[in-house]
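This one's a predicted model, so the numbers in the text were calculated from it and none came from an experiment. We count residues from 1, following the sequence as given.
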Amino acid sequence: MEFAYYVARGVNEKVSAIEVDSNPNDFIDRTKFRCMFCGIQLEFSHGTSYPLFKRWRGTAHMPHCIYGNITNQIKNSDNNKDIELLVSTILPRALMSPQQHISTGHQGSNVSKQFTGKRTRMFISSVKNLLDPKKGYYFSQNYESVQILAETGEKYYLKDLFGAQDEIIDKIDRSADKAIVCIVKGNTLTPKATIGDHVLIPLSTSGKHKNSQKFSLFIPKDYVPKNSGRLDDITGAFIVGYGIARKTDYGYQMTIFSIHHQVAVLKKYEKNNTGPAPVTYTSSRQQLTLVNPLAAPFMPNSFTPDHSVQLVPLSI
């Protein structure tokens, strides 16, 4: 389990396994971790690949525990490691509060942290490993029924979080607040610098692969310096990205706080073929300046986190 309650300080304090692993002195009493969904005692473990919480010795999740039931998917899987990581991931609530609204594109740290940790990188890598090239890089039938848990206790099919840009746009349009947590796939074009010093990475539109509508990866201004060295890695590439996607006044976008953690490359096009053109840029004062950016009107407040980000729960 990725998260647990720490009850040593008199409240149900939600903590991540990575947080405990990084700050062990803040969690001296290791007997005070509890399951968020049924309250049983949990044990912190460094794990073989990543830190996690697991059942305390001799205990079992309560029969009604959602998490205990969902982890049964690990059994009889032919890709046990990736399935284990995915089903033990708890999707973020990712709710935006009015206090987090800003005009510069910089997102509240509480939300950005949910998409910039080691666990996020492992999540998108596991998603990549389960995609089937023979099915156009969708999940094979064996994994279509895999379910993931959210902080709210709701369950979601992994395949329902995933799609090409037209499919993601349809999900956004059907959501109450025009914002969802999702996984998008597509071909990246050359990044554009915006008027507000943000970076926009458009996905190509051909209409042949459920990509007829415009959709972009959006890097807020304050996160551009941290990502500038990785733009070449994902430019002119077939990628999958994991994050919050929304409809803004300037189009459909997924916010990327960290390319390293949120984006995985499926294919990288050669620079001399007909794939998307590579990016050319120079940096100045630790800010990225793109050569010949398009002059399309794109305002600095194009990312407006004043709505709730929603997931569409399973019908069960």
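At a threshold of 4.0 Å, the pair Glu43-Arg30 does not count as salt-bridged, since none of the basic side-chain nitrogens sits closer than that to a carboxylate oxygen. The residues Lys210 and Glu167 are annotated as salt-bridged, a charged nitrogen and a carboxylate oxygen being separated by less than 4.0 angstrom. Using a cut-off of 4.0 Å between Lys/Arg side-chain N and Asp/Glu carboxylate O, Arg9 and Glu13 are scored as salt-bridged.
Using a 4.5 Å cut-off on side-chain heavy atoms (C-beta onward), Leu217 and Ile239 make contact.
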**OP:** Under the side chain to side chain contact (heavy atoms under 4.5 Å, CB included) rule, what do Tyr156 and Gln147 come out as? Steps first, then yes or no, please.
**Re:** CA-CA 5 Å; Tyr156 305 89; Gln147 298 176 13; over 6 Å; no
**OP:** Go through the steps to decide whether Trp56 and Thr31 satisfy the test side chain to side chain contact (heavy atoms under 4.5 Å, CB included), and finish with yes or no.
**Re:** CA-CA 9 Å; Trp56 192 265; Thr31 67; 4.1 Å; yes
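Aromatic rings from Phe238 and Tyr269 are positioned such that their centres are separated by 6.0 Å or more. Taking the six-membered ring where the residue is Trp, the centroids of Phe115 and His261 are separated by 6.0 Å or more. In this structure, the ring of Phe162 has its center less than 6.0 angstrom from the ring center of Tyr138. Side-chain rings of Phe44 and Phe27 stay apart, their centers remaining 6.0 Å or farther from each other.
One finds the NZ atom of Lys214 at 11.0 Å from the CD1 atom of Ile169 (value rounded to the nearest 0.5 Å).
Screening Leu158, Ile83, Asp82, Val127 against Tyr143 for a side-chain contact (heavy atoms from CB on, under 4.5 Å) leaves a single residue, Ile83.
Residues Ile148 and Ile18 fall into different hydrophobic clusters, defined by Ile, Leu, Val, Met, Phe, Trp and Tyr side chains chained together at heavy-atom separations under 4.5 Å.
For Asp166 and Tyr252, the side-chain atoms include no donor-acceptor pair closer than 3.5 Å. Asp132 and Ser140 share no side-chain donor-acceptor pair at under 3.5 Å. A donor-acceptor pair shorter than 3.5 Å cannot be found between the side chains of Thr116 and Tyr223.
The main-chain N or O of Ser204 is found under 3.5 Å from a side-chain atom of Asn211 such that the two form a donor-acceptor pair.
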